[in-house]
Protein chains: 2
Amino acid sequence: MADTPIYQLVKDALRARIESGALVTGDMVPGEEQLAADFNCSRLTAHRALRELADEGLVVRKRRAGTQVAARGSGVLIRIPSVREEIEGRGVAYRYELLACRHAVPGAAISEALSVDAKGRHLNVVGRHWAGNRVFQHDTRWINLIQVPAALEADFSTVSANQWLLENVPSSSVDHEISALAADARAATALEVEPGTALLRIERVSHLGQNAITHAAMLHPGALFSLKSERR
Amino acid sequence: MADTPIYQLVKDALRARIESGALVTGDMVPGEEQLAADFNCSRLTAHRALRELADEGLVVRKRRAGTQVAARGSGVLIRIPSVREEIEGRGVAYRYELLACRHAVPGAAISEALSVDAKGRHLNVVGRHWAGNRVFQHDTRWINLIQVPAALEADFSTVSANQWLLENVPSSSVDHEISALAADARAATALEVEPGTALLRIERVSHLGQNAITHAAMLHPGALFSLKSERR
DNA sequence: GGGTCCAATTTGTAAAGACAAATGCCGTGG
DNA sequence: CCACGGCATTTGTCTTTACAAATTGGACCC
């Protein structure tokens with residue numbers, strides 16, 4: 001504590017003023033020169049504190065106009081934990097079960113999401129993640145074999161497709177979509193729940209440059225899928 | 001482009017090597033001195049590039065051990081848009097409807113989430129957000145009047161509780177929880193959907209220091225609630 | 001051979017100086 | 001009175017220099 005960096009002290013002080021309401025949206029924050037004088041540090045140190053606060057979205061900076069407190073919360077950042085971490089973090093035994101791994105031609109919806117017109121050349125991997133004796137997640141995945149030929153050599157019975165892809169395939173961007181739906185007969189069987197049970201569905205498409213790499217549809221049985229907001 | 005900062009050029013170059021797979025998890029990234037030489041810049045400039053990449057989670061840095069490519073994707077950041085932005089972004093008319101605004105004592109579940117033992121002294125605001133002629137979100141909110149006495153003066157028929165709180169009440173942390181559930185009779189009526197329809201539920205608790213400020217339960221009728229991953 | 005300690009390497013923070021870029025403000029001129 | 005333009009202010013980036021902190025690798029000793 002004796003050793004906290006100065007820029008961190010400045011950040012904390014300003015953050016406290018903002019979070020306590022001493023400074024509210026639109027208020028001017030002291031400039032770099034002023035902070036340097038107040039905290040008896042160089043302008044660079046004050047600059048770093050303000051820049052990082054701006055990166056975090058707490059303040060908005062404009063040349064000549066100065067720095068002011070940002071309008072808060074047009075949106076919120078949330079973290080999707082990895083399935084394994086989530087389950088083991090609850091103190092429940094984790095197990096991955098491979099249900100299918102075969103070449104197949106994706107349906108229209110998946111093809112569109114992957115934006116491939118080339119039919120075929122895809123690997124379809126289906127598995128379940130167990131939390132104790134309950135199905136926690138059902139995972140249907142399509143892997144573009146043109147982009148990821150190495151997937152043919154992978155053994156998805158020992159490693160989940162998700163984990164293998166994370167460790168072996170680079171990606172430049174990932175898109176997610178979260179929705180709720182009622183379980184139809186097939187989903188109910190797969191998740192071992194009653195038909196009509198509410199499910200949480202997460203769809204994930206990952207890209208490398210312009211090309212779609214994988215499409216994943218993950219289903220969670222109704223109950224809790226807890227997402228905690230990011231703290232920065 | 002002639003004017004891109006040097007540290008940004010370094011970042012982009014390294015990011016490209018990582019995202020393309022030229023550098024994979026565990027590989028060593030050139031050190032600060034090396035990068036400074038390669039890009040003909042000062043060590044501080046190289047340092048900033050590496051530090052920001054580390055902030056973004058792409059690399060891990062350790063003194064003496066150097067910098068290496070981080071294991072990717074234990075988690076993903078996702079953005080929850082504001083309701084109004086989301087609806088208007090779809091080109092649909094947005095409308096907020098206040099259903100109730102009264103003093104009340106929250107039930108056991110809410111009290112626990114708010115971690116208040118003091119019964120009473122809460123304001124309960126219920127409203128609906130419309131997207132065209134369909135209910136997009138039903139919002140049940142509890143406001144701790146001890147922490148936010150100013151809420152008594154607010155006119156929630158013209159401003160949604162969410163918006164008013166964002167603009168007028170500082171907060172130090174916010175927790176979220178997302179889940180799926182089937183609509184019971186009451187929820188079905190409130191959202192104007194069939195009973196049993198799958199709903200997406202977002203629960204939000206905001207704090208100021210140790211004290212809980214508000215509790216919000218937001219229900220979205222089944223269909224799509226689209227969350228896009230954050231791009232950094 | 002193994003354990004322990006030192007030192008070199010690498011990252012982290014900071015200062016002071018310098019210049020560039022953007023832009024609000026004010027003064028001048030029409 | 002309004003419009004335009006220059007100036008001063010504020011943020012943004014970069015360099016050089018300096019020292020602190022952490023940790024690994026090897027040297028050295030037992």
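Sequence lines set the chain letters: A, B, ... in the order given, protein chains first and strands last, and positions in each chain run from 1.
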Validation: residues 24-42 of chain B side-chain donor-acceptor distances under 3.5 Å, sequence neighbours left out:
residue: D27(B); atom: OD2; partner: V24(B); partner atom: N; Å: 3.1
residue: E32(B); atom: OE1; partner: R43(B); partner atom: NH1; Å: 2.3
residue: E32(B); atom: OE2; partner: H47(B); partner atom: ND1; Å: 2.7
residue: E32(B); atom: OE2; partner: R61(B); partner atom: NH1; Å: 3.2
residue: E32(B); atom: OE2; partner: R61(B); partner atom: NH2; Å: 2.8
residue: Q34(B); atom: NE2; partner: D38(B); partner atom: OD1; Å: 3.0
residue: S42(B); atom: OG; partner: L44(B); partner atom: N; Å: 3.4
residue: S42(B); atom: OG; partner: T45(B); partner atom: N; Å: 3.4
residue: S42(B); atom: OG; partner: T45(B); partner atom: OG1; Å: 3.3

query: Are the side chain of S172(B) and the backbone N or O of H207(B) linked by a donor-acceptor pair below 3.5 Å?
result: yes
- line: Sorted by chain and residue number, the side chain to side chain contact (heavy atoms under 4.5 Å, CB included) partners of R95(B) (sequence neighbours excluded) come out as E97(B), W130(B)
- prompt: What residues, two or more places apart in sequence or in another chain, satisfy side chain to side chain donor-acceptor pair (under 3.5 Å) together with Y94(B)?
  reply: H129(B)
query: Does Y7(B) put a side-chain nitrogen or oxygen below 4.0 Å from OP1 or OP2 of dC14(D)?
result: no
message: Rounded to whole Å, how long is the line connecting atom NE2 of H47(B) with atom P of dA20(D)?
response: 17 Å
query: Taking NZ from K11(B) and P from dT13(D), how many angstroms apart are they, rounded to a whole number?
result: 10 Å
task: Nearest whole angstrom, please: distance from the P of dT13(D) to the CZ of R51(A).
output: 7 Å
message: Taking side chain to side chain donor-acceptor pair (under 3.5 Å) as the definition, give me every residue that meets it alongside H215(B), ordered by chain and number, with sequence neighbours left out.
response: E203(B)
Nucleotide range of DNA chain C lying under 4.0 Å from chain A heavy atoms: dT13(C) to dC25(C)
field: side chain to side chain donor-acceptor pair (under 3.5 Å) partners for N133(B), two or more places apart
entry: none
Identify the pairs formed between an N or O of the protein and an N or O of nucleotides 8-10 of chain D at a distance under 3.5 Å, and give each distance.
residue: dA8(D); atom: N3; partner: R64(A); partner atom: NH1; Å: 3.4
residue: dT9(D); atom: O4'; partner: R64(A); partner atom: NH1; Å: 3.0
residue: dT10(D); atom: O2; partner: R64(A); partner atom: N; Å: 3.3

- prompt: Separation of M28(B) atom CE from dT24(D) atom P, in whole Å?
  reply: 11 Å
- prompt: Can you check the Q68(A) CD to dT11(D) P distance for me, whole Å?
  reply: 11 Å
field: salt bridge (charged side-chain N to carboxylate O under 4.0 Å, His left out): pairs with one or both residues in residues 141-156 of chain A, sequence neighbours excluded
entry: D139(A)-R141(A)
Distances under 3.5 Å between protein N/O atoms and the N/O atoms of nucleotides 16-19 of chain D, please, pair by pair.
residue: dA18(D); atom: N6; partner: R43(B); partner atom: NH2; Å: 3.4

query: Can you list the residues that meet the ring pair (Phe, Tyr, Trp, His ring centres under 6.0 Å) rule with Y7(A), with sequence neighbours excluded?
result: none
field: For atom CG of L35(A) and atom C1' of dG12(D), their distance in whole Å
entry: 16 Å
message: Check K11(B) with E56(B), please: is the shortest side-chain N to carboxylate O separation under 4.0 Å?
response: yes
message: Using the ring pair (Phe, Tyr, Trp, His ring centres under 6.0 Å) criterion, which residues pair with W164(B)? Sequence neighbours excluded.
response: F156(B)
field: salt bridge (charged side-chain N to carboxylate O under 4.0 Å, His left out) against E19(B), all qualifying residues, sequence neighbours excluded
entry: none
